[in-house]
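Numbering of ligands and ligand atoms starts at 1, following listing order.
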Amino acid sequence: MGKVKVIAHRGASADAPENTLAAVTLAFDHGADFVEIDVRRTLDGELVVIHDPTLQRTTDVLRVFPGRARYDVAGFTLAEIRALDAGSWFGPGFAGERVPTLRAVLAALAGRAGLLLEVKDPASAPGIAGDLRSVLDAAGWLGEAPAGRLVVQSADWTFVEEFHLLLPEVPVGLLGGPPPPPEIDGAAGWAHCINPKNTKVTAALVRRVHGGGMVLWPYTVDNPRRMRELIQLGADGIITNRPALAAEVLAGSARRRFAWLRRLWPISKASR
Ligand code: G3P
Ligand code: CA
């Protein structure tokens, strides 16, 4: 088993506004191995990083563009979205944070942490796989990319399979579910990870996923006790809003393993 990965959900989103550059940079400052983000497409075809299909919860769109009939991300241009404040809702210290483009997140991450990129509602954005390929390629994230740098996931498993066929060199993940056992077995040849809600994780699921040569990254876990349980069960990553806490829990687990080995050491030495 490799090191359990700390995956910062929407960045370090317990301490900074989710899916902003502030949350992304804080995530690697807090020890994240990967940063998870959500990607959607604007009216003019740009890829931006935002969770909800609409802008109201995480920006001041109602103040900047009052009276619009709808506030869908897909109904606004990039210039309009970039005019919004995506930080003040979280706290005054983050006033002026913007909804970042995917391009900007790739530049911010550059070698500091891996990226777990979730494509939201791909069925409502036909051709988004090709858009993603263009942006990743232009940013130098395809081709010679170091292993483990990028995983693309979606709750739309048909899309994940299509994306894999388009870009087989990019590891992909099936989010949610988890898929029924035959589908997990079927994904073994092409998927990198299975990423279910943490409450769905069982020893049998872990065995099945590992049996297929894949890894299991459950979401979203902020409780240290549950983090430890999942590590015991064999999870390969922890998707969390609190990467610093997860890094601490992992360090504690490693220390406990080491102490256990040290207790064994005099016995094995004596038995030689
Ligand atoms: O990566 C897992 C997680 O992001 C899925 O849920 O709704 O936060 O995108 P959500
Ligand atoms: Ca997500």
Side-chain angles (χ1 to χ4, degrees), residues 4-24 26-28 30 32-41 47-59 72-74 86 89-90 99-102 105-106 109 113-125 128-129 132 148-157 159-160 163 170-179 184 187 191-201 205-206 209 214-223 226-227 230 235-243 245-246:
V4 177
K5 301 278 187 288
V6 174
I7 303 153
H9 180 241
R10 311 182 194 173
S13 59
D15 296 305
E18 63 181 60
N19 280 320
T20 61
L21 289 180
V24 167
L26 197 59
F28 51 72
H30 284 186
D33 300 296
F34 275 79
V35 178
E36 191 262 359
I37 58 164
D38 303 293
V39 169
R40 295 184 176 276
R41 195 168 66 188
L47 297 183
V48 291
V49 176
I50 185 167
H51 179 272
D52 295 4
T54 53
L55 294 155
Q56 296 97 310
R57 182 177 64 88
T58 56
T59 76
D72 300 338
V73 174
W89 70 273
F90 188 87
V99 173
T101 58
L102 173 60
V105 169
L106 294 175
L109 280 173
L115 177 63
L116 174 59
L117 188 163
E118 180 182 351
V119 182
K120 284 289 187 198
D121 304 329
S124 70
I128 195 169
L132 206 47
R149 186 189 196 193
L150 170 68
V151 177
V152 170
Q153 68 168 359
S154 180
D156 180 338
W157 302 336
F159 168 81
V160 176
F163 185 83
V170 175
V172 291
L174 300 179
L175 173 64
I184 295 180
H192 172 71
C193 53
I194 303 291
N195 301 345
K197 193 168 176 188
N198 82 83
T199 52
K200 306 279 185 191
V201 176
L205 176 65
V206 175
V209 170
M214 297 172 285
V215 296
L216 186 94
W217 291 351
Y219 69 92
T220 302
V221 195
D222 289 346
N223 177 310
R226 185 61 184 150
M227 289 177 187
L230 290 162
D236 305 281
I238 300 288
I239 300 178
T240 176
N241 299 311
R242 305 183 63 191
L245 175 65

Report summary line: The answer for which part of L175 has a heavy atom under 4.0 Å from ligand 1 is side chain
Query raised in the report: What heavy-atom pair brings D38 and R10 nearest, and what distance separates the two atoms?
Result: OD2-CG, 3.7 Å
Query raised in the report: Does CZ in R242 sit with more than 12 non-hydrogen atoms of other residues, nucleotides or ligands closer than 6.0 Å?
Result: no
Requested in this report: Using a strict cut-off of 4.0 Å, indicate which atoms of ligand 1 neighbour a heavy atom of I239.
Outcome: 1 (O)
**Report entry** Atoms of ligand 1 close to D38 [distance to a heavy atom under 4.0 angstrom, numbered from 1]
**Finding:** 9 (O)
Query raised in the report: Quick check: does any side chain N or O of R40 sit under 3.5 Å from a backbone N or O of H51, one acting as donor and the other as acceptor?
Result: yes
Query - N/O/S atom name from E118 that is nearest to the position of the Ca ion (ligand 2) - result: OE1
Query raised in the report: Of all the atoms in ligand 1, which lie at a distance below 4.0 Å from a heavy atom belonging to K120?
Result: 7 (O), 9 (O), 10 (P)
Query raised in the report: Can you tell me if T220 uses its side chain to pair, donor with acceptor, with the backbone of I239 under 3.5 Å?
Result: no
Query raised in the report: What heavy-atom pair brings I37 and V105 nearest, and what distance separates the two atoms?
Result: CD1-CG1, 4.0 Å
Query raised in the report: Which value, rounded to the nearest 0.5 Å, describes the distance between D121 atom CG and D156 atom CG?
Result: 8.5 Å
Report task. For Q153, take its heavy atoms, then give the atoms of ligand 1 lying under 4.0 Å from any of them. Result -> 1 (O), 2 (C)
Query raised in the report: Which of the atoms of ligand 1 are close to H51, meaning less than 4.0 Å from one of its heavy atoms?
Result: 7 (O), 8 (O), 9 (O), 10 (P)
**Report entry** Parallel, tilted or perpendicular: rings of W217 and H192 (30°, 60°)
**Finding:** perpendicular
Query raised in the report: So, for M214 and I184, which heavy atoms are closest and what is the spacing to 0.1 Å?
Result: CE-O, 3.4 Å
**Report entry** Ligand-residue contact atoms, ligand 1 with E118, heavy atoms, under 4.0 Å
**Finding:** 4 (O), 5 (C), 9 (O)
Query raised in the report: For the Ca ion (ligand 2), what is the closest N, O or S atom on E36?
Result: OE2
Query raised in the report: Out of the N/O/S atoms in D38, what is the name of the one closest to the Ca ion (ligand 2)?
Result: OD1
Query - Contact check, N195 vs ligand 1, heavy-atom distance below 4.0 Å - result: no
Query - Nearest-contact summary for atom 3 (C) of ligand 1 - protein heavy atom, Å - result: H9 NE2, 3.5 Å
Report summary line: Here the atoms of ligand 1 under 4.0 Å from any heavy atom belonging to E36 are 1 (O), 2 (C), 3 (C), 4 (O)
**Report entry** F34 versus L150, closest heavy-atom pair with distance
**Finding:** CE2-N, 4.4 Å
Report summary line: One finds that the ligand 1 atoms under 4.0 Å from a non-hydrogen atom of R10 are 7 (O), 8 (O), 10 (P)
